J.: 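A single structure is presented below for examination.
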Amino acid sequence: MLRIRRAVASLSLIGLFCVWFASAQDVPGVNETDLEVVKTGHFRTKSGHAIPFRVLKAPNGTEAQILYTRFNSLEAAELQIEEWVKATRTVTSREHNQTIGDQLISDRTLGVADVPKSDKKEFVIIRRDYLNCYLIESVSLQVALKVEDLLEHK
């Protein structure tokens, strides 16, 4: 029992350190009304599902990317969320909300990932609102949260 407590405490401290380290790269003072869409497009998953994306830019130059899609089934939406979670290096928190019987209505995951070809970290917010799935990535936690605020949640 003591080993389990020590392992949980160690993992919690490691997660907090990762969030602290990544937040040191964060930038202050961005409103969601200050965000400007600078790029839009889409790509296809291996299964052929089209996923649109947008790149938004804050006045200070910090960018955030949001991928969003809607699935026809709950299983497909949950599968996409799990794929995105597995691709995130460190998951710092995960929230599940059940409101209709045993059916999971929303899922929100916050994590930290490595920026490809760089020594920087980026914040990742993975969100599912029933059949709608969103992946938000930014080197700034505040910018990522502002992009998330733009989403309509059920």
Side-chain angles (χ1 to χ4, degrees), residues 11-47 49-71 73-100 103-154:
L11 290 173
S12 297
L13 287 174
I14 290 170
L16 286 172
F17 175 74
C18 290
V19 169
W20 170 80
F21 179 75
S23 67
Q25 302 173 26
D26 207 7
V27 292
V30 177
N31 296 319
E32 60 263 12
T33 57
D34 295 338
L35 298 173
E36 174 188 0
V37 176
V38 294
K39 186 176 182 182
T40 61
H42 74 279
F43 64 91
R44 296 207 175 269
T45 63
K46 293 177 187 176
S47 65
H49 190 82
I51 298 184
F53 71 89
R54 287 186 181 165
V55 177
L56 295 100
K57 191 177 206 178
N60 63 10
T62 305
E63 291 185 347
Q65 175 176 281
I66 179 169
L67 305 163
Y68 53 95
T69 191
R70 180 176 175 86
F71 288 92
S73 72
L74 185 59
E75 294 78 22
E78 289 175 339
L79 182 62
Q80 182 62 61
I81 292 299
E82 290 309 314
E83 284 181 26
W84 285 340
V85 168
K86 287 178 186 175
T88 303
R89 184 178 55 87
T90 303
V91 172
T92 56
S93 71
R94 190 146 193 196
E95 303 167 15
H96 303 285
N97 296 319
Q98 293 180 341
T99 57
I100 300 176
Q103 193 171 31
L104 190 59
I105 299 304
S106 70
D107 188 8
R108 181 180 186 267
T109 304
L110 180 62
V112 180
D114 296 322
V115 176
K117 300 179 184 177
S118 173
D119 62 345
K120 290 188 176 184
K121 309 290 181 214
E122 71 180 353
F123 294 94
V124 178
I125 299 173
I126 301 167
R127 181 162 198 104
R128 182 180 63 78
D129 291 322
Y130 194 54
L131 299 177
N132 298 317
C133 298
Y134 307 93
L135 171 67
I136 303 166
E137 301 169 308
S138 180
V139 294
S140 166
L141 178 59
Q142 186 175 13
V143 172
L145 291 170
K146 293 302 177 185
V147 172
E148 183 184 26
D149 287 344
L150 296 173
L151 303 176
E152 291 184 25
H153 305 294
K154 291 184 179 186

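Only a predicted model underlies this, so the values are computations on that prediction, with no experimental measurement involved.
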J.: Does the side chain of F123 reach to within under 4.5 Å of the side chain of S140, using non-hydrogen atoms?
T.: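 No, their side chains stay 4.5 Å or more apart.
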J.: Of all heavy-atom pairs between A113 and V124, which one has the smallest distance, and what is that distance?
T.: CB-CG2, 3.8 Å
J.: Does I66 reach the side chain of L135, with side-chain heavy atoms less than 4.5 Å apart?
T.: no
J.: Could you check V112, I126, I125, D114 and say which one makes a side chain to side chain contact (heavy atoms under 4.5 Å, CB included) with T88?
T.: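 The passing option is I126.
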J.: Kindly indicate whether the side chain of D129, heavy atoms from C-beta on, has any atom under 4.5 Å from the side chain of Y134.
T.: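 In contact.
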J.: Regarding T109 and R94, is there a side-chain donor-to-acceptor distance under 3.5 Å anywhere?
T.: yes
J.: Could you please spell out the steps behind the side-chain contact (heavy atoms from CB on, under 4.5 Å) verdict for L74 and L131?
T.: CA-CA 6 Å; L74 185 59; L131 299 177; 4.3 Å; yes
J.: What distance do L110 atom CG and S93 atom OG have between them, rounded to the nearest 0.5 Å?
T.: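 Rounded to the nearest 0.5 Å, the CG-OG separation comes out at 4.5 Å.
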J.: I want to check something: taking the side chain as every heavy atom from C-beta on, are C133 and Y68 in contact at a cut-off of under 4.5 Å?
T.: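 Not touching, per the 4.5 Å side-chain cut-off.
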J.: With a 4.5 Å limit on heavy-atom distance, are the side chains of S138 and T62 in contact?
T.: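 In short, these two side chains touch, coming nearer than 4.5 Å.
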J.: For the residue pair V38 and E63, establish whether any side-chain heavy-atom pair is separated by less than 4.5 Å.
T.: yes
J.: In terms of side-chain geometry, is the basic nitrogen of E148 or R108 positioned less than 4.0 Å from the acidic oxygen of its partner?
T.: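 Looking at E148 and R108, the cut-off is met.
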J.: Determine whether F43 and L67 satisfy the following criterion, side-chain contact (heavy atoms from CB on, under 4.5 Å), listing intermediate values before the conclusion.
T.: CA-CA 10 Å; F43 64 91; L67 305 163; 3.3 Å; yes
J.: Quick check: closest heavy atoms across H42 and F53, and the distance to 0.1 Å?
T.: N-CE2, 3.4 Å
J.: With heavy-atom distances below 4.5 Å as the criterion, would you say the side chains of E78 and R128 are in contact?
T.: yes
J.: May I ask you to test the T92-T90 pair for a side-chain heavy-atom distance under 4.5 Å?
T.: yes
J.: Hey, is D107 close enough to R127 for a salt bridge, meaning N to O under 4.0 Å?
T.: no
J.: Just verifying a value: how many Å separate L56 CG and L150 CG, rounded to the nearest 0.5 Å?
T.: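 The CG atom of L150 is 7.0 Å from CG of L56, to the nearest 0.5 Å.
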J.: Before you tell me yes or no, could you show the steps for K57 and K39 under side-chain contact (heavy atoms from CB on, under 4.5 Å), namely the whole-Å CA-CA distance, both residues' side-chain angles and the distance that decides it to 0.1 Å?
T.: CA-CA 9 Å; K57 191 177 206 178; K39 186 176 182 182; over 6 Å; no
J.: Please find the pair of heavy atoms, one from A64 and one from V143, that lie closest to each other, and give the distance.
T.: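 Heavy-atom minimum between the residues: CB-CG1, 3.7 Å.
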